[in-house]
2 protein chains.
Amino acid sequence: MAKPPVRLKDIAEATGFSANTVSLALRGSPRLPVETRERVLEVAERLNYFPNHVARSLVSGATRTIGLLMTDIMNPTLTLAARTIERELSRAGYGMMFAASDASVESEKRAIGLFLSYRVDGMLIYPASHNTYAHISAVADAGIPVLMLVELPGSGFDTVAIDDRAGAFKAVSHLCKAGHRHIAMLDGGKAHGNLDKMKGAQKAIRAARLPKGALSLFEPGGHSLADGSAIMAEVMATDPRPTALFASTDSLAIGALHWCRENGVSVPRDLAVIGYDNTEMAAYGASPLSTVNYAADEISRLGVDRILRRIAQREDAADPETTLIEPDLIIRGTT
Amino acid sequence: MAKPPVRLKDIAEATGFSANTVSLALRGSPRLPVETRERVLEVAERLNYFPNHVARSLVSGATRTIGLLMTDIMNPTLTLAARTIERELSRAGYGMMFAASDASVESEKRAIGLFLSYRVDGMLIYPASHNTYAHISAVADAGIPVLMLVELPGSGFDTVAIDDRAGAFKAVSHLCKAGHRHIAMLDGGKAHGNLDKMKGAQKAIRAARLPKGALSLFEPGGHSLADGSAIMAEVMATDPRPTALFASTDSLAIGALHWCRENGVSVPRDLAVIGYDNTEMAAYGASPLSTVNYAADEISRLGVDRILRRIAQREDAADPETTLIEPDLIIRGTT
DNA sequence: CTGAAAGCGCTAACAT
DNA sequence: ATGTTAGCGCTTTCAG
């Protein structure tokens, strides 16, 4: 097998035209008679011609490919985003390269290097770290459009992301309004310099004119289900015992729910629970969890729009723009 | 910004060598004095040079990119496979393009066209249909290595996939051995020409020397959680009433579990349940469901190995090889 | 209306 | 030990 692929030249020979004419015909140039074009198209079809995108990219300087770089695609929220991004890109006639950083800055660097070699026209990045991003800035500075899927204040990146502060504010405000006076929050984000959710929660407490102590912060070791479960003993042993829980992550919340079930704590009677970023169960239409809903779809659509726009306006580096999507609060069985 | 990227020529000018020498140096040719090489590397580093993979591909005829085409990345099983595949490829220095077909043959064709234009070195495909794959055969016939992640008997593709027959056999055998004499099976695969699970289940019945009627087949409208839930009334109304359930899909099984909980059917006391392809909850370490476990990791690793091997042995079209992975049976709370 | 020539950035064969 | 030349498949001037 292994036939060499059909080239422009092959069509040229088969039709008697020159490669140039064939090229024009295939791209539907108006300055060619319909007759010629049809003849060429027909032969191209018959020969099963596919334009060599590689060669085309070399001359045009654009690959019509964007790179998507994420920490971990196993996070259902990111999976959903990845899917939507791919869809939107493909609709726009763009290809997508994918790489995962596993939340390691080193891997992230490697992946970016890969994308750079492959000459992607732009990158969508869900970064490994909130602090270390000089390597990403370098890309943007080199004039390659980069769009961040997370807000990194002061970083100067184009951004389309969730407004975590607003989300946390909504969630905790809801709890306050429901009469809760002792609210526990599970958030390991501090270690990564991600204070938004905490800030939003605190603001809600202030807005409700509750004392600062109405919100107590707990930092699980990670953001896995097991971590959420593990810290609950500590949470429920606190005096005064919290009557509501706000978890900065869906899996933490689910872990907490598990602990409650196993320890005879009735949710939401004894403990109201609100999670965050809920997608996992929601994808199955089965989540019993109240959540701040990560708007992956909207972010993805806006993100793709924006980066394609940036690519189009190649000329100058317009000022970076940050769009924050305010997430909806979805109240289900646990509140 | 938008500086034009650094080329070989730029380094050549900066060092006084020719582009050729620079190229050789960067690729560590042994026929260059170490001195020269170091000088070149240093300048390349300083200038922040990245090889233009596009140009390199044009001359080498290989893009060191493979295309991954799946029906839907939101299926956690496939997500996991995608992640592992990306990892393995990146370890091997390959880039990955991703596209989703949404189980539509038309989209699949479009995506394949895209991959073809981009001149991927090979494709990993989880196909949209078990019947319609002429467009994929065409790719393989054109000499582009294709590896199928699903077994399509008689299709002549290189394949690394789950042995669904063995999986179903294991599951139903387990139920038979546990003394069940009336087993219901949920499987909508017949419509797609996917009979393996059914065949395996029937074989298990025969092997257990039970009458054919010991297994009754139910066909849900789809494979969603809701579909699984919806069909349970019918299942449990059957006479004699089944004491065990084998669902061909994880979501069907979970849907069934929901129905049981809402209808006072105690699992596993009144009904033993085994699902299939379990990854969703398992990813959270929290599945209560007994399952036939899709070995996404193993499949991915073997699949990548195989396609890279095929690419390496470019020369001839060796006979297609089919590797079937026998899935493990994981017994949890529901059995 | 169509063809010939040049060149995108790189590598491979062939000089020097 | 290094430089020159040609060419990968395509698009883009520029001629005819």
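Each chain gets a letter, A, B and so on, in the order the sequences are listed, and its residues count up from 1.
- Ion pairing of B:Lys109 with B:Glu106 is present here, as a side-chain N (NZ or NE/NH1/NH2) and a carboxylate O approach within less than 4.0 Å.
- Remark: B:Thr36 is not in phosphate contact with D:dA1, judged by side-chain N or O atoms under 4.0 Å from OP1 or OP2.
- Taking 4.0 angstrom as the limit, B:Ser23 places a side-chain polar atom (N or O) nearer than this to OP1 or OP2 of C:dT11.
- An OP1 or OP2 oxygen of C:dG9 is reached within less than 4.0 angstrom by no side-chain nitrogen or oxygen of B:Tyr49.
- One interatomic measurement links the two molecules: CZ of A:Phe50 to C1' of D:dC10, which rounds to 17 Å at whole-angstrom precision.
- Remark on DNA chain D: of its neighbouring residues B:Gly16 and B:Ser60, the 5'-side contact belongs to B:Gly16, judged by nearest-heavy-atom nucleotide.
- Atoms CG and CG, from B:Leu116 and A:Asn52 in turn, are 10.5 Å apart once rounded to the nearest 0.5 Å.
- Comparing A:Arg119 and A:Thr21 by the nucleotide of DNA chain C that holds the closest heavy atom to each, the one mapping nearer the 5' end is A:Thr21.
- When each of B:Ala19 and B:Ala55 is assigned the nucleotide of DNA chain D with its nearest heavy atom, B:Ala19 is the one assigned upstream, toward the 5' end.
- Note that OG1 of A:Thr84 and CG of A:Asp297 are 4.0 Å apart. Values are rounded to the nearest 0.5 Å.
- One interatomic measurement links the two molecules: NE2 of B:His53 to C1' of C:dT11, which rounds to 14 Å at whole-angstrom precision.
- Taking 4.0 angstrom as the limit, A:Ser18 places a side-chain polar atom (N or O) nearer than this to OP1 or OP2 of C:dG3.
- A donor atom on one side chain and an acceptor atom on the other are found under 3.5 Å apart for A:Arg27 and A:Ser23.
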Nucleotide N/O of nucleotides 12-14 of chain C paired with protein N/O under 3.5 Å:
residue : atom : partner : partner atom : Å
C:dA12  : OP2  : B:Arg27 : NH1          : 3.1
C:dA12  : N6   : B:Asn20 : ND2          : 3.1
C:dA13  : N6   : B:Asn20 : ND2          : 2.8

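- Considering only the side chain of A:Phe17, C:dG3 comes nearest among C:dG3, D:dA1, D:dG9.
- Considering only side-chain atoms of B:Pro33, the nucleotide from C:dT2, D:dG9, D:dT2 that sits closest is D:dT2.
- If you take CD of A:Glu38 and C1' of C:dC1, they are 16 Å apart, rounded to a whole angstrom.
- Rounded to whole Å, the distance from CG on B:Asp10 to P on C:dG9 is 9 Å.
- At whole-Å resolution of the value, CG in A:Leu8 and P in D:dG9 are 11 Å apart.
- Rounding to the nearest 0.5 angstrom, the gap separating the OG1 atom in A:Thr159 from the CG atom in A:Leu324 is 8.0 Å.
- Between the CG atom of B:Asp158 and the CE atom of B:Met148 there is a distance of 10.5 Å, given to the nearest 0.5 Å.
- Spacing between atom CZ of B:Arg56 and atom C1' of D:dG7 amounts to 17 Å, rounded to whole angstrom units.
- Taking the six-membered ring where tryptophan is involved, the planes of A:Tyr118 and B:His53 are essentially parallel, since the angle between them stays under 30° and well short of 60°.
- To the nearest angstrom, P of C:dG9 lies 16 Å from CG of B:Leu26.
- Atom CG in B:Asn52 sits about 6 Å away from atom C1' in C:dG9, given to the nearest Å.
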